[in-house]
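Everything on this sheet refers to the single structure shown next.
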Amino acid sequence: MDCKNLIDKLESEKSLSSDEYGFLVSSYTEEDRLYAQKIASGIADSIFGRKVYTRGIVEFTNYCRNNCLYCGIRCANRDIERYRLDAKTILSCCNAGYDIGYRTFVLQGGEDLYYTDEMMADIIRSIKKQYSDAAITLSIGERSYESYKQFRLAGADRYLLRHESADPKHFAKLHPASQVLSTRMQCLRNLKELGFQTGAGMMVGSPYQTAGNIASDLVFIQEFKPEMVGIGPFIPHHSTPFRSFPAGSVDMTLFLLSLVRIMLPKVMLPATTALGTVESDGRLRGIQAGANVIMMNISPFETRKDYLLYDSKREIDSTHLVSVQDLDGILRPIGYSAISAKGDYNNA
Ligand code: SAH
């Protein structure tokens with residue numbers, strides 16, 4: 001096997017076997033990565049024309065019933081101050097975000113059942129009522145089919161729920177026994193069935209992850225065909241059991257972004273905050289590797305320091321919001337522009 005041939009095969013057939021992916025991720029060279037990047041960015045250019053979609057993210061609660069071993073807001077972490085934003089505050093974040101160009105609001109939080117289905121549906125409806133031209137993405141973890149259905153009926157368009165690892169044994173090393181891969185996968189299938197544009201994904205370099213695990217992730221993504229894929233490096237958080245593990249590789253993350261772009265040409269693929277945290281120009285490099293979405297924080301400044309999923313997260317000490325126009329200024333030098341457009345996955 002040869003990496004370039006496999007990348008060509010992925011481009012023409014849109015699919016590889018688990019062994020082929022395993023070979024790619026364990027033996028690619030810098031030259032192979034650049035080869036994949038060239039194909040991936042060419043595909044992104046032909047579909048999106050060097051335009052980058054923008055999203056404003058509201059981190060509205062850091063209460064979480066879960067205890068993911070990697071995550072800074074896990075319930076066992078007693079070192080953080082917990083907060084919840086009320087509906088009015090969430091809406092005012094969206095107002096501020098709308099004014100500076102965002103047309104997708106991502107509501108993200110820990111798994112916090114304080115927000116009942118009815119409360120979430122009310123929040124979704126009130127945002128949609130005010131901004132019928134904006135999309136709402138939820139990222140609030142595992143809930144029942146019925147709950148997801150209520151969110152969908154209230155007007156939510158998209159849902160991000162990373163699968164975290166498609167290998168049940170690896171998944172079990174990242175989560176306590178109460179959280180299982182089969183539930184997560186069932187949630188993903190439910191979301192798709194309900195018509196959400198659905199996002200899966202995983203961290204790169206999470207503890208105990210092997211090349212075989214990444215191969216399983218890629219095979220899962222190839223089969224599930226999510227409309228969005230979130231891939232970012234693992235970054236340790238000082239108050240978690242994984243505090244001493246090293247951060248994931250930027251290079252591997254970039255390579256995987258390229259492979260996913262080649263595999264699913266139209267997928268909405270963010271250059272993640274985590275990528276921008278490990279390396280200051282990480283997000284720009286992500287765009288060059290084939291990503292086409294950037295998500296910016298539009299949460300209140302006061303609570304940002306308490307939504308620390310990992311150490312040194314970007315924008316936690318900002319004092320101003322980054323607008324779509326600001327992003328455009330950052331992307332122009334590398335030949336891209338940032339756009340406000342709602343940016344739904346295009347099925348056609
Ligand atoms: N509670 C929601 C949102 C989780 S936070 C949910 O369960 O989907 C969003 C993503 O951040 C997670 O899916 C995880 O992949 C990522 N994340 C969490 N901790 C991280 C860390 N230490 N390093 C990098 N990414 C992390």
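Computation of the quantities below employed the complete heavy-atom set of this structure, encompassing side-chain atoms and omitting hydrogens, waters and symmetry-equivalent molecules. First listed ligand is number 1; within each ligand, the first listed atom is number 1.
Residues N213 and D167 bring a donor and an acceptor atom of their side chains to less than 3.5 Å of each other.
The protein heavy atom nearest to atom 17 (N) of ligand 1 is M203 SD, 4.0 Å. Among all protein heavy atoms, the one lying closest to atom 1 (N) of ligand 1 is G109 O, 2.9 Å. For atom 5 (S) of ligand 1, the closest heavy atom belonging to the protein is L309 CD1, 3.6 Å. Considering only non-hydrogen protein atoms, atom 19 (N) of ligand 1 sits nearest to Y70 CD1, 3.3 Å. Remark: minimum distance from atom 24 (C) of ligand 1 to any protein heavy atom is reached at P233 O, 3.3 Å. Distance from atom 16 (C) of ligand 1 to its nearest protein heavy atom, with residue and atom name: R162 NH1, 3.7 Å. Atom 22 (N) of ligand 1 has as its closest protein heavy atom I235 O, 2.7 Å.
Residue C71 approaches ligand 1 through these ligand atoms, each under 4.0 Å from one of its heavy atoms: 19 (N). Those atoms of ligand 1 with a heavy atom of G141 less than 4.0 angstrom away are 2 (C), 6 (C), 7 (O), 8 (O).
Between Y310 and ligand 1, no N or O atom pair is found at a separation short of 3.5 Å. Backbone and side-chain nitrogen or oxygen atoms of S139 are examined, and none is located within less than 3.5 angstrom of a nitrogen or oxygen of ligand 1.
Within the 4.0 Å heavy-atom criterion, the part of R184 lying near ligand 1 is the side chain and not the backbone. Only side-chain heavy atoms of E164 come within less than 4.0 Å of ligand 1; its backbone N, CA, C and O stay farther off. With a 4.0 Å cut-off on non-hydrogen atoms, Q108 touches ligand 1 through its side chain and not its backbone. Residue C64 does not touch ligand 1, judged by heavy-atom distances below 4.0 Å.
Ring geometry, Y208 versus F245: the interplanar angle exceeds 60°, so the pair is classed perpendicular (tilted spans 30 to 60°).
Ion pair D2/K4 not flagged as a salt bridge, since none of the NZ, NE, NH1 or NH2 atoms sits closer than 4.0 Å to an Asp/Glu carboxylate oxygen. Here E59 does not pair with R304 in a salt bridge; the nearest charged N to carboxylate O distance is not below 4.0 Å. One finds a salt bridge joining D344 and R158 here, because a Lys/Arg side-chain nitrogen approaches an Asp/Glu carboxylate oxygen to under 4.0 Å.
Side-chain contact between V106 and V58: absent, with no pair of heavy atoms (C-beta onward) separated by less than 4.5 Å.
Within the cation-pi definition used here (under 6.0 Å to the ring centroid, within 45° of the axis), R55 does not qualify as a partner of Y102.
For K192 (side chain) and K225 (main-chain N/O), a donor-acceptor pair under 3.5 Å exists by modelled atom type.
Checked against the 6.0 Å centroid threshold, F255 and Y28 count as a close aromatic pair.
Counting heavy atoms of neighbouring residues, nucleotides and ligands inside a 6.0 Å radius, atom CD of E30 exceeds 12 of them.
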